[in-house]
> 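Dropping the structure in here first, questions after.
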Amino acid sequence: MSEKVRKTIIAGNWKMNKLRNEAQELATAIVAGTKGRDNLPDILLCPPFTSLDIVVQTAKDSAIQVGAQNVEYHDAGAFTGEVSPPMLIDAGVTHVIIGHSERRQFFGETNQTVPLKVKAALAHKLTPIVCVGELLDERENDLTDPVVKRQVGAALNGLTEDEVKSVILAYEPVWAIGTGQVCESKEAARVVGLIRKTLTQFFQQDKDGPDMVPILYGGSMNAKNAEELLAQDEIDGGLIGGASLKADEFLEIVNHACKRPRLSAAKA
Ligand code: 13P
């Protein structure tokens with residue numbers, strides 16, 4: 001008998017916000033608000049590249065981990081403007097967001113480049129947080145399920161079972177991002193459940209594999225709606241944009257996550 005339990009993760013995606021002194025201030029407040037507390041979820045801060053080092057330094061003696069918002073899949077070379085996995089590791093980063101809808105919409109990220117980045121991140125022991133989600137137009141045309149399935153299938157293509165277990169997924173419906181229009185919690189849980197079912201294709205040996213992959217929700221999550229979203233068994237945490245830029249609000253979301261049973265990815 002195995003107990004299927006997963007980590008709860010609260011991640012702040014700061015996007016292109018915060019100068020270094022502001023990033024330090026925000027990280028300092030979040031570290032202070034979580035210090036010495038038991039039963040916390042995994043907490044992750046994802047500042048822009050320019051503030052990675054200052055946030056890593058600020059979070060040094062805390063439980064908080066630091067992620068980047070993008071990565072290049074080559075290790076080094078003539079790729080002007082890009083940052084590689086070894087560079088992120090060198091900066092003290094443990095996680096990286098890959099395939100965020102803003103990168104898909106504005107910076108040419110595709111179902112072809114996402115898996116290359118996922119593989120490169122895993123090869124360097126960075127944990128990828130892979131974002132998937134449908135556009136409004138796709139939802140209105142009943143294409144949510146096929147779009148999300150295709151994105152998950154593409155992102156994890158060619159990974160071993162152990163590699164898939166090392167990935168975090170995030171369901172971020174694009175129409176809910178930065179709009180204040182949160183996805184209804186039952187519907188978010190339904191799509192997260194669909195993503196979990198989609199994961200079965202990657203597990204021939206370990207039938208419990210899909211239950212070990214954390215799947216987060218993102219899109220206008222805030223201190224008011226987090227409780228209901230995090231009360232859904234399927235949803236393992238949040239990837240939070242706007243509401244992660246204010247320490248008080250982010251800490252309130254962390255508090256809601258604390259009400260979930262302390263979860264670890266360990267199997268009995
Ligand atoms: P908002 O929380 O601002 O809607 O952004 C969500 C998001 O894109 C997190 O990656």
Side-chain angles (χ1 to χ4, degrees), residues 8-18 22-23 26 30 41-49 51-52 55 64-71 93-107 109 114 117-118 121 126-136 138-139 144 147-148 151-152 155 167-185 187-189 191-192 195 214-230 232 235-257:
T8 298
I9 301 164
I10 298 296
N13 174 8
W14 295 0
K15 307 194 179 182
M16 198 175 73
N17 292 292
K18 304 290 177 190
E22 297 166 330
L26 178 55
I30 293 169
D42 285 9
I43 301 172
L44 181 65
L45 305 180
C46 304
F49 287 130
S51 294
L52 283 173
V55 174
I64 292 169
Q65 294 180 294
V66 181
Q69 301 172 16
N70 183 34
V71 69
V93 163
T94 53
H95 293 64
V96 60
I97 298 171
I98 296 175
H100 191 281
S101 66
E102 285 148 19
R103 297 216 59 86
R104 292 180 194 255
Q105 276 181 295
F106 309 130
F107 302 104
E109 196 86 280
V114 167
K117 293 184 174 195
V118 171
L126 278 168
T127 301
I129 304 175
V130 179
C131 301
V132 299
E134 80 287 358
L135 302 166
L136 180 60
E138 291 164 338
R139 173 159 285 265
T144 298
V147 165
V148 166
Q151 289 175 336
V152 172
V167 169
I168 298 169
L169 290 165
Y171 170 52
E172 298 211 312
V174 181
W175 50 270
I177 295 178
T179 59
Q181 207 189 329
V182 67
C183 184
E184 200 270 319
S185 59
E187 172 59 10
V191 181
V192 169
I195 293 171
I215 308 179
L216 317 181
Y217 168 80
S220 296
M221 189 188 263
N222 59 33
K224 287 200 180 68
N225 59 34
E227 183 164 21
E228 192 180 328
L229 286 159
L230 295 172
Q232 307 298 313
I235 299 175
D236 298 315
L239 181 54
I240 299 135
S244 73
L245 297 174
K246 293 179 227 112
D248 288 354
E249 181 148 23
F250 186 71
L251 288 168
E252 256 190 79
I253 298 172
V254 168
N255 286 343
H256 289 306

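When a ligand or atom number is given, it counts from 1 through the structure's own listing order.
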> List every atom of ligand 1 that sits less than 4.0 Å from any heavy atom of E172, numbering the atoms from 1 in the order shown and giving each element.
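Those atoms are 6 (C), 7 (C), 8 (O), 9 (C), 10 (O).
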
> Can you give each donor-acceptor pair under 3.5 Å made by side-chain atoms of residues 9-17, sequence neighbours left out, with the distance rounded to 0.1 Å?
from	atom 1	to	atom 2	distance (Å)
N13	OD1	K15	N	3.0
K15	NZ	E102	OE2	2.8
N17	ND2	W14	O	2.9

> Walk me through whether I240 and F250 qualify under side chain to side chain contact (heavy atoms under 4.5 Å, CB included).
CA-CA 8 Å; I240 299 135; F250 186 71; 4.3 Å; yes

> Judging by distance only, is a nitrogen or oxygen of G242 under 3.5 angstrom from one on ligand 1?
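Yes, G242 has an N/O under 3.5 Å of an N/O on ligand 1.
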
> The criterion is salt bridge (charged side-chain N to carboxylate O under 4.0 Å, His left out); which residues satisfy it with E252, sequence neighbours excluded?
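With neighbours one apart ignored, the set is empty.
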
> Under 4.0 Å, counting heavy atoms only: does A176 come that close to any atom of ligand 1?
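Yes, A176 has heavy atoms under 4.0 Å from ligand 1.
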
> Check whether any N or O atom of G241, backbone or side chain, sits under 3.5 Å from an N or O atom of ligand 1, and answer yes or no.
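Indeed, backbone or side chain, G241 has an N or O that close.
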
> Apply side chain to side chain contact (heavy atoms under 4.5 Å, CB included) to residues I97 and C131 and explain how you reach the verdict.
CA-CA 7 Å; I97 298 171; C131 301; 3.8 Å; yes

> Examine G178 against ligand 1 and note whether any of their N/O atoms are separated by less than 3.5 Å.
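Yes, there is a polar N/O contact under 3.5 Å.
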
> Which atoms from ligand 1 have a heavy atom of K15 less than 4.0 Å away?
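Near K15, the atoms of ligand 1 are 5 (O), 6 (C), 7 (C), 8 (O).
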
> Side chains of Q65 and T127: closer than 4.5 Å at any heavy-atom pair?
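When only atoms from C-beta onward are counted, T127 and Q65 do not touch, as no gap falls below 4.5 Å.
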
> Taking the side chain as everything from C-beta on, heavy atoms only, tell me whether I129 gets closer than 4.5 Å to L44.
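Yes, side chains in contact.
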
> Based purely on interatomic distance, does H100 place a nitrogen or oxygen under 3.5 Å from a nitrogen or oxygen of ligand 1?
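Yes, since at least one N or O of H100 sits under 3.5 Å from an N or O of ligand 1.
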
> Could you go step by step and tell me if E134 and Y171 meet the side chain to side chain contact (heavy atoms under 4.5 Å, CB included) rule?
CA-CA 9 Å; E134 80 287 358; Y171 170 52; 2.9 Å; yes

> Give the contacting part of N13 toward ligand 1: side chain, backbone, both or neither, where contact means a heavy-atom distance below 4.0 Å.
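Side chain only.
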
> Under 4.0 angstrom from ligand 1, any heavy atom of A243?
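So A243 does not count as touching ligand 1.
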
> Considering only heavy atoms of G219, which atoms of ligand 1 have at least one such atom less than 4.0 Å away?
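Those atoms are 4 (O), 6 (C).
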
